[in-house]
Amino acid sequence: MSELNPQQQLAVDTLTGPLLLLAGAGTGKTTVIVHRIANLVRHGIRPEAILAVTFTNKAAREMKARVKGQLGSQADSMTVSTFHAFCASVLRRHIHQLGYSRSFSIASDSYQNGLIREIMSSEGLTGKGFDPGMVLHQISMAKAALKDPDQLENEKQVPLPQMSLLYRNYQKRLQQMDMLDFDDMLMLTVRLWQQYPEILAHYQKQYSHLMIDEYQDTNAAQLQIMLLLAGKAGNIAVVGDDDQSIYGWRGADLGNILQFEAYFPGAKVIRLEQNYRSTNTILKCANAVIALNQARREKNLWSQQGDGEKILSVSCADEKAEADFIAKYIQSQMPELSWKDFAVLFRSNHQARVLEEQFRKSRIPYLLVGANSFYHNKEILDAISFLQLIQNPSDDFSFLRIVNVPPRGIGDTSIARLREFRDITHQNFNQLLDHPEILEKLPEEAAGSIKQFRAVLQKARSEFARPGQLFDKATNFFEQIDFFNGLGRMYKPREDALRRRDNLMEFLNSLADFDEEHRNHKTLQEFLEAISLQDHSDNQEKNKNNASDSVTLMTVHAAKGLEFPMILLAGLERNIFPHQRAVEEGNEEEERRLFYVALTRARKNLLLCHAEKRRVMGQVSVVRPSKFLSEIPEEYIEFCKPADAIKPLSKEESHQSLQELIKELSSDE
DNA sequence: GGATAACCTATTTTT
DNA sequence: TAGGTTATCC
């Protein structure tokens with residue numbers, strides 16, 4: 001795109017007051033954001049006074065890089081940050097005012113999970129009907145909506161009567177351990193600014209111009225942060241698309257964008273509707289489908305790219321046939337296209353399994369996005385817990401996690417004893433270890449191990465107290481205490497031992513990288529914060545760059561913001577997409593937005609697949625096509641069977657592929 | 001303390 | 001079907 005269209009230009013020229021930029025899919029919003037920032041600077045706004053907020057680190061990095069392309073080194077003094085990283089920096093400076101330690105650490109999801117389990121079991125709330133994930137979700141939603149436990153008490157629609165009790169305990173335990181979860185970072189920033197107007201004033205003065213990306217995904221807490229920070233001056237520009245709001249289940253409030261003018265009086269609204277990505281056939285379908293939603297702002301995407309080809313809807317016998325068809329179809333498009341031109345999207349992760357299997361059989365290179373992250377590995381969590389405990393002595397949870405890893409004779413009995421002491425004295429485990437009389441009450445072997453453990457921790461704390469040489473310290477440290485080696489040995493008898501050891505090695509390397517990148521000026525605390533706030537798809541990025549050419553497999557959620565020449569959507573069936581539970585919970589419109597996101601990822605071609613029978617929970621059952629299929633206007637779509645969708649190979653090609661097959665068969669095993 | 005067996009349950013997961 | 005968690009046993 002060489003120059004801006006009139007709407008884009010208008011957005012770039014609107015520099016003061018509240019601005020809502022409704023940017024449809026593929027309408028060049030990032031270009032506008034970047035140009036607008038450059039324009040602000042051109043009009044005399046100091047880069048230090050500009051704050052741009054995104055949701056992901058990746059988005060922040062990209063924005064910064066592109067602004068740098070426009071402004072050069074001036075861009076360095078501007079703040080581009082995620083909501084959470086920004087709040088973390090605010091809280092690191094001021095959170096003592098709210099009774100937390102400034103050296104708080106950040107609770108990861110596995111951490112939250114473990115903590116809520118512990119709380120639920122101590123309240124006797126285990127077994128059927130007590131789902132820790134659900135409780136955690138409720139707490140998260142409450143925090144996102146800035147509700148405290150008392151407010152939850154008065155609510156009628158809580159799924160568990162004990163909700164507010166659990167929330168209160170969870171919060172108490174986190175605070176005792178000087179930990180914040182992700183929602184706390186937002187909630188406490190709001191609380192801080194509300195209770196200390198002079199602190200808020202400081203930030204208002206520092207940042208005169210705000211910009212928020214992916215505005216449709218903001219929750220109530222984030223809205224408060226923006227309202228407070230924008231203050232009376234109200235120089236805030238938000239960019240988003242209500243039709244692409246697909247994170248309601250994480251607390252995103254569509255009302256933030258639908259009622260923007262009510263929250264920010266005098267706001268200007270600009271629509272970007274010219275799309276630079278897709279064919280008009282695709283856009284007309286997407287427009288028609290999304291128009292069926294009630295809660296939205298009117299928009300109509302169009303492009304200058306011509307009509308392009310019709311959308312294809314293919315009906316397959318079952319999920320295996322569907323995967324087989326998808327594989328064959330992609331192969332049939334070769335070699336005119338390359339593997340990386342295709343993305344196969346699905347509603348839920350488990351659908352990937354059949355596809356993966358088929359792709360392996362068919363020897364199609366693929367990349368599964370969003371599969372379990374590096375940081376979910378047991379050994380990595382152990383290693384992080386270890387560092388966490390060194391950094392934050394109050395972290396009882398990490399203590400419990402690694403006090404006996406690798407096994408050093410500190411069993412359930414000893415732990416139970418320590419817990420008793422903790423309940424009586426209200427001191428954390430680390431403090432308890434300072435009392436010799438308590439150690440005496442433990443089994444002899446355990447007491448010995450614990451003393452040793454304590455000594456190791458103390459030594460490590462003094463080693464890590466100063467910034468720099470993180471990596472050296474860590475490697476030496478791990479070697480000295482035999483933690484690293486111990487872990488390696490621990491996994492030796494199993495065949496996954498090598499992988500786990502490699503993972504630990506990689507983790508140490510990431511420490512080294514971090515150290516080097518920041519020229520040895522960073523502390524352990526900063527490293528831990530970085531890995532907590534890092535979006536874990538960073539690893540995916542690396543994979544993607546390395547994997548030169550492969551088909552992408554991912555959920556529709558993961559595909560937001562991406563584009564591919566050809567999109568294949570699998571499992572377009574009732575109860576799968578829209579998801580049964582979403583419909584039951586009254587979220588059909590969000591499912592439709594999700595479908596809209598899927599459609600608008602495609603540049604040239606869209607292929608929608610569904611099966612007639614599918615194995616669900618081990619049982620084969622007859623399934624029906626999704627209602628979304630019937631929402632696509634008939635003139636843009638063609639229905640067919642797998643065989644009709646694949647262009648037959650020419651004689652020459654089929655001869656060739658036969659040759660290949662023979663070669664493969666003879667070389668295999 | 002650790003291995004094994006039985007048991008349960010299946011959305012999405014930016015930080 | 002497959003995974004993750006819990007229960008049980010040695």
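Proteins get letters first, then strands, A, B, ... in listed order; numbering begins at 1 in each.
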Stretch residues 80-91 of chain A: residues that reach within less than 4.0 Å of DNA chain B through a heavy atom:
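By residue number: A/Thr82, A/His84.
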
Sub-3.5 Å pairs of nitrogen or oxygen atoms, protein against nucleotides 6-10 of chain C:
unit_1 : atom_1 : unit_2   : atom_2 : d
C/dT6  : OP1    : A/Arg117 : NH1    : 3.2

Could I get the full list of ring pair (Phe, Tyr, Trp, His ring centres under 6.0 Å) partners for A/Phe325, not counting sequence neighbours?
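A/Phe325 satisfies ring pair (Phe, Tyr, Trp, His ring centres under 6.0 Å) with A/Tyr329 once adjacent residues are dropped.
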
Can you list everything that forms a ring pair (Phe, Tyr, Trp, His ring centres under 6.0 Å) with A/Phe429? Sequence neighbours excluded, please.
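With sequence neighbours excluded, A/Phe429 shows a ring pair (Phe, Tyr, Trp, His ring centres under 6.0 Å) to A/Phe399, given in chain and number order.
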
Let me know the distance between CZ of A/Arg615 and P of C/dT1, rounded to the nearest Å.
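Distance, rounded to whole Å: 5 Å.
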
Using a cut-off of 4.0 Å on non-hydrogen atoms, how would the nucleic acid contact of [X] be classed: base, sugar-phosphate, or nothing?
| X | result |
| --- | --- |
| A/Glu585 | base |
| A/Asp183 | nothing |
| A/Leu345 | nothing |

Checking only heavy atoms, does the side chain of A/Arg347 share a donor-acceptor pair with the base of B/dT11 at less than 3.5 Å?
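Yes, a donor-acceptor pair under 3.5 Å.
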
Suppose we screen for side-chain hydrogen bond (donor to acceptor under 3.5 Å, both in side chains). Which residues come up paired with [X], at least two apart in sequence or across chains?
| X | answer |
| --- | --- |
| A/Tyr170 | A/Gln112, A/Asp181 |
| A/Ser101 | A/Ser103 |
| A/Gln391 | A/Gln525 |

Non-neighbouring partners of A/Asp213 that pass salt bridge (Lys or Arg N to Asp or Glu O under 4.0 Å), sequence neighbours left out
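For A/Asp213, the residues satisfying salt bridge (Lys or Arg N to Asp or Glu O under 4.0 Å) (neighbours in sequence not counted) are A/Lys29.
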
Using side-chain contact (heavy atoms from CB on, under 4.5 Å) as the criterion, list what pairs up with A/Lys451, not counting sequence neighbours.
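With neighbours one apart ignored, the set is A/Leu439.
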
Has A/Asn349 got a side-chain N or O lying under 4.0 Å from the OP1 or OP2 atom of B/dT11?
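So the side chain of A/Asn349 is outside the cut-off, no N or O lying under 4.0 Å from OP1 or OP2 of B/dT11.
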
Would you call the rings of A/Tyr203 and A/Tyr207 parallel, tilted or perpendicular if under 30° counts as parallel and over 60° as perpendicular?
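Geometry flag for A/Tyr207 against A/Tyr203: parallel rings.
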
